[in-house]
Amino acid sequence: GAVVSQHPSRVICKSGTSVKIECRSLDFQATTMFWYRQFPKQSLMLMATSNEGSKATYEQGVEKDKFLINHASLTLSTLTVTSAHPEDSSFYICSALNSNEQYFGPGTRLTVT
Amino acid sequence: GENVEQHPSTLSVQEGDSAVIKCTYSDSASNYFPWYKQELGKGPQLIIDIRSNVGEKKDQRIAVTLNKTAKHFSLHITETQPEDSAVYFCAATPYSSASKIIFGSGTRLSIRP
């Protein structure tokens, strides 16, 4: 149980375009999901906390207008990277909170050309 | 806020030997300490965790110890196997649940055959 999926697993987009990443809890409902960013050989950095039915809470230094988060249902949160630039290329990982534990998705590798 | 330091950054051990990874945290209010294993291109997977009311926890070849006074916690892997090769992250949270986890910088563990 407690499986989290992400889609897509890999995406390549052109600079200036937007890309949406989906995070789904497959066998449980999650009122809280988290979005992380991980650069190569570095740790996970929390970007924002996504709460179902309300606005996301962003960490200091994360642009909320650039990284749009929508948590419209108890099993789905989406992260949209708007006007992507090469520096946004990274590994994006979501997690979902279930019974006081975070379960992580497999990650989405975004490459902006 | 919480700061988690992790050492070493890389660790190479002979198959069958033990591996030890150490972490320190700064916020005395932290009371939940999970450890994650991340394989290349995948999301982190929880392998063991410990709460502040416990000094040691063991699960087969994996054990974690916690010294609240010194704000240290460690991961011990015995009888290492090739499949233990991965990046390991320690983490801490100052909340009673697994929300807003602060990750260490990671340890790349390599098991030599």
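- Listed here is the closest heavy atom pair of A:Ser43 and B:Ser105: CB-CA, 3.9 Å.
- Looking only at side-chain heavy atoms (C-beta outward), A:Gln102 and B:Leu46 stay at 4.5 Å or farther from each other.
- Interface remark: of the candidates A:Gln38, A:Arg109, A:Gln42, A:Gln38 forms the most heavy-atom pairs closer than 4.5 Å to chain B.
- The hydrophobic cluster containing A:Phe91 also contains A:Phe34, counting ILVMFWY residues as joined when their side-chain heavy atoms lie under 4.5 angstrom apart, directly or transitively.
- Residue-environment remark: CD (B:Glu15) exceeds the threshold of 12 foreign heavy atoms within 6.0 Å.
- Put simply, B:Ile47 and B:Phe89 are part of two different groups of oily side chains (I, L, V, M, F, W, Y) that touch within less than 4.5 Å, one to the next.
- Contact annotation for B:Glu39: neither backbone nor side-chain heavy atoms come within less than 4.5 Å of a heavy atom of chain A.
- Surrounding CZ of B:Arg112 are more than 12 heavy atoms belonging to other residues, nucleotides or ligands, all under 6.0 Å away.
- For the set A:Leu46, A:Val4, A:Thr32, A:Leu44, the count of heavy-atom pairs under 4.5 angstrom toward chain B peaks at A:Leu44.
- Under the 4.5 Å side-chain heavy-atom criterion for grouping Ile, Leu, Val, Met, Phe, Trp and Tyr, A:Phe104 is not connected to B:Leu75 through any hydrophobic cluster.
- Environment of CD in B:Gln45: sparse, with no more than 12 heavy atoms of neighbouring residues, nucleotides or ligands closer than 6.0 Å.
- Distance OG/A:Ser95 to OH/B:Tyr36: 7.5 Å, rounded to 0.5 Å.
- Among B:Pro34, B:Ser9, B:Gly41, the residue making the largest number of heavy-atom pairs under 4.5 Å with chain A is B:Gly41.
- Between B:Gln38 and A:Ile93 there is a side-chain heavy-atom pair separated by less than 4.5 Å.
- With a 4.5 Å cut-off on non-hydrogen atoms, B:Phe103 touches chain A through its backbone and its side chain both.
- Heavy atoms of other residues, nucleotides or ligands lying less than 6.0 angstrom from NE2 of A:His7 number 12 at most.
- Residues A:Lys41 and B:Val87 have side chains not in contact (no heavy-atom distance under 4.5 Å, counting atoms from C-beta outward).
- Among B:Gly106, B:Ala91, B:Gly104, the residue making the largest number of heavy-atom pairs under 4.5 Å with chain A is B:Gly104.
- For NZ of B:Lys42, the number of neighbouring non-hydrogen atoms (other residues, nucleotides, ligands) closer than 6.0 Å is 12 at most.
- When heavy atoms are compared at a cutoff of 4.5 Å, A:Glu59 approaches chain B solely by way of its side chain, counted from C-beta outward.
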